[in-house]
*Asks:* 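My questions will all concern the structure given below.
Sequence lines set the chain letters: A, B, ... in the order given, protein chains first and strands last, and positions in each chain run from 1. Keep in mind that the numbers below use all heavy atoms, side chains included, and drop hydrogens, waters and symmetry copies.
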There are 2 protein chains.
Amino acid sequence: MALLSKSCVYGIRAAILMAIKGEKEFISIKDIAEELNLSAHFLTKILQLLTQEGLLISHRGPKGGVKFSRPAKNIKLIEIVAAIDGMELFEECALGLHGCGTATPCPLHEKWAEHKIVLRTLFETENLEKLADNVQDAGLRLRTLSQLDIIEFNNTKMQK
Amino acid sequence: MALLSKSCVYGIRAAILMAIKGEKEFISIKDIAEELNLSAHFLTKILQLLTQEGLLISHRGPKGGVKFSRPAKNIKLIEIVAAIDGMELFEECALGLHGCGTATPCPLHEKWAEHKIVLRTLFETENLEKLADNVQDAGLRLRTLSQLDIIEFNNTKMQK
DNA sequence: TTAATTTAGGATAAAAGAGTCTTTAATACT
DNA sequence: AGTATTAAAGACTCTTTTATCCTAAATTAA
Ligand code: SF4
Ligand code: SF4
């Protein structure tokens, strides 16, 4: 099991890319999808969730696309996760017993309750601007590597 | 998304119950499933994974069942998780980019790499005996509550 | 040896997640 | 007005997870 769903991971990558691209203009989802090496249709669905949550503003037609509804600095990573995967990860018990934490907590309760806070804090302290800056400063990557990219990467390395 | 798959959660619950029941005798999977309110067939499949990993010893026929291959005290929670869900949660990157952590780490890398260790340590320091003791000492529950259970619980509370 | 019990294993079904494709609606530009 | 562009929305497919069911193999006990 991964921590986040694939949809969520794609959404996060897209959001970081958007934060890099700037916040003034609408950015077309197709362009984002191409840069991230994802299906544009699929990404559209995912970003729709963010639009429905009010994190993005969308606009149809030529020059349309999506952009943040507020400065990237004020958008926490956890908001993206919440819109796509929900808050389950940060709120539910590790053993999936419902009615949790009340009268009859499960054996892991104490440890996990403590850890949930740490995890939540991690996602709450990261904002999109900061992540975007990280990416730019360090020349980090967001794109998944296709087989072709890997070959290209290896060739480039050998030429150096 | 939950942290652990349902199969994994069921496996953990079963393992804790087994640790409570004692380690001498074989315990039938059907009995465990009944106590945990799960499908016996499904639980059988899950526990097979633990048997294949060598965590359990199984025995067919009357008086058959499963038991731990070593003292519950020496079985870490992470071993159960690893056998069912694999080590992905503790080893892979949060953003699911493969080729991770090498030349071009993703923007979350540093924070997540640090957090992974904390998470892993949590699952490594919990052993089954300790969890079982917790359950017994505090009268905690392992069983999922059915609608009927909840009604019964409420009635009991009112009578007090 | 026969019958009962219990795990192993495969076939199948149902539900959820991931991904594709087509149509519709809004918008900008000519 | 007409055309191209773009997000929205829904139908549909494929895969994985979850779950059920049936049969086979092993083992105990009478
Ligand atoms: S008691 Fe606590 S740890 Fe256990 S399932 Fe409930 S919330 Fe999770
Ligand atoms: S760079 Fe680090 S955090 Fe990012 S995907 Fe790779 S391992 Fe995960």
Side-chain angles (χ1 to χ4, degrees), chain A residues 1-14 18 25-69 81 83-86 88-89 96 144 146, chain B residues 1-14 18 25-69 81 83-86 88-89 96 144 146:
Chain A
M1 288 278 290
L3 191 75
L4 305 171
S5 71
K6 285 199 165 195
S7 296
C8 190
V9 166
Y10 297 162
I12 292 172
R13 287 190 205 155
M18 284 174 65
E25 307 272 305
F26 285 106
I27 308 166
S28 98
I29 297 177
K30 185 160 147 272
D31 290 352
I32 301 173
E34 265 168 27
E35 287 211 44
L36 295 180
N37 205 20
L38 297 176
S39 145
H41 281 299
F42 192 34
L43 186 59
T44 300
K45 291 220 165 141
I46 296 165
L47 295 187
Q48 268 173 38
L49 294 171
L50 302 185
T51 305
Q52 283 159 16
E53 279 303 308
L55 292 170
L56 300 183
I57 295 167
S58 71
H59 192 71
R60 303 194 211 191
K63 306 236 169 169
V66 288
K67 67 177 180 184
F68 293 118
S69 61
V81 175
I84 300 171
D85 274 356
E88 185 186 348
L89 183 62
T144 47
S146 66
Chain B
M1 289 276 291
L3 191 76
L4 306 171
S5 72
K6 283 196 166 196
S7 295
C8 191
V9 167
Y10 298 163
I12 292 172
R13 286 189 206 156
M18 284 173 64
E25 308 270 306
F26 285 106
I27 308 166
S28 99
I29 297 178
K30 187 161 146 272
D31 290 352
I32 300 174
E34 266 168 25
E35 286 211 42
L36 295 179
N37 205 21
L38 298 176
S39 144
H41 281 298
F42 192 35
L43 187 59
T44 300
K45 294 230 157 121
I46 296 166
L47 295 187
Q48 266 172 39
L49 294 170
L50 302 185
T51 305
Q52 282 159 16
E53 277 304 307
L55 293 170
L56 300 182
I57 296 167
S58 70
H59 192 71
R60 301 193 212 190
K63 305 236 170 169
V66 288
K67 67 177 179 183
F68 293 119
S69 61
V81 175
I84 300 171
D85 274 354
E88 185 185 348
L89 183 62
T144 47
S146 66

*Asks:* Let me spell it out: for each of A:Met1 and A:Lys30, pick the nucleotide of DNA chain D with the closest heavy atom. Which residue's pick is nearer the 5' end?
*Replies:* A:Lys30

*Asks:* Using OP1 and OP2 only, check whether a side-chain N or O of B:Lys6 sits under 4.0 Å from C:dA16.
*Replies:* no

*Asks:* Are the side chains of B:Leu89 and A:Met1 in contact, using a 4.5 Å heavy-atom criterion?
*Replies:*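 When only atoms from C-beta onward are counted, B:Leu89 and A:Met1 do not touch, as no gap falls below 4.5 Å.
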
*Asks:* Tell me whether the side-chain N/O atoms of B:Lys63 come closer than 4.0 Å to OP1 or OP2 in C:dT5.
*Replies:* no

*Asks:* Taking all non-hydrogen atoms of both residues, which atom of B:Ala33 and which atom of B:Ala40 are closest, and how far apart?
*Replies:* CB-CA, 3.5 Å

*Asks:* Please report, rounded to the nearest Å, how far the P atom of C:dA16 is from the CG atom of A:Asp85.
*Replies:*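 Nearest whole value for this atom pair: 16 Å.
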
*Asks:* Can you find a side chain N or O atom of A:Ser39 that sits less than 4.0 Å from OP1 or OP2 on C:dT20?
*Replies:*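 Checking A:Ser39 against C:dT20: at least one side-chain N or O falls below 4.0 Å of OP1 or OP2.
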
*Asks:* In residues 45-60 of chain A, what residues come within less than 4.0 Å of DNA chain C, judged by heavy atoms?
*Replies:*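 Residues of residues 45-60 of chain A under 4.0 Å from DNA chain C: A:Lys45, A:His59, A:Arg60.
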
*Asks:* For B:Phe26 and B:His59, take the angle between the two ring planes, folded into 0 to 90°, and tell me which bin it lands in: parallel under 30, tilted 30 to 60, perpendicular over 60.
*Replies:*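 It falls in the parallel class, under 30°.
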
*Asks:* If you take all heavy atoms of A:Ala14 and A:Ile32, which pair is closest and at what distance?
*Replies:*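 Nearest heavy atoms, A:Ala14 then A:Ile32: CB-CG2, 3.8 Å.
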
*Asks:* Would you say the side chain of B:Val9 lies within less than 4.5 Å of the side chain of B:Ile12, judging by non-hydrogen atoms?
*Replies:* no

*Asks:* By nearest heavy atom, map B:His41 and B:Leu4 onto DNA chain D; which one lands nearer the 5' end?
*Replies:* B:Leu4

*Asks:* Can you check whether B:Ser58's main-chain N or O pairs, donor with acceptor, with B:Thr51's side chain at less than 3.5 Å?
*Replies:* no

*Asks:* Please check if the side chain of B:Asp85 supplies one atom and the backbone of B:Ser5 the other of a donor-acceptor pair under 3.5 Å.
*Replies:*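 Judged by distance alone, yes, a pair lies under 3.5 Å.
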
*Asks:* Does A:Ser5 put a side-chain nitrogen or oxygen below 4.0 Å from OP1 or OP2 of C:dG17?
*Replies:*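 No, outside the criterion.
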
*Asks:* Give each protein N/O atom lying under 3.5 Å from an N/O atom of nucleotides 1-4 of chain D, with the pair distance.
*Replies:*
none

*Asks:* Can you check the B:Leu43 CG to D:dC21 P distance for me, whole Å?
*Replies:* 16 Å

*Asks:* Taking atom P of C:dT6 as reference, at what distance in whole Å does atom CD of B:Glu25 sit?
*Replies:* 13 Å

*Asks:* Is the distance from OP1 or OP2 of D:dT18 to the nearest side-chain N or O of B:Tyr10 less than 4.0 Å?
*Replies:* no

*Asks:* Count the heavy atoms of every other residue, nucleotide or ligand shown that sit under 6.0 Å from NZ of B:Lys30, and state whether that count exceeds 12.
*Replies:* no

*Asks:* Nearest-Å distance, CD1 (B:Ile29) to P (D:dT20)?
*Replies:*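 In whole Å, D:dT20 P lies 15 Å from B:Ile29 CD1.
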
*Asks:* Rounded to whole angstrom units, what separation is found between the CZ atom of B:Phe42 and the P atom of C:dA14?
*Replies:* 16 Å

*Asks:* Is any side-chain heavy atom of A:Ile84 closer than 4.5 Å to a side-chain heavy atom of A:Leu4?
*Replies:*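 With C-beta onward as the side chain, the pair stays apart.
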
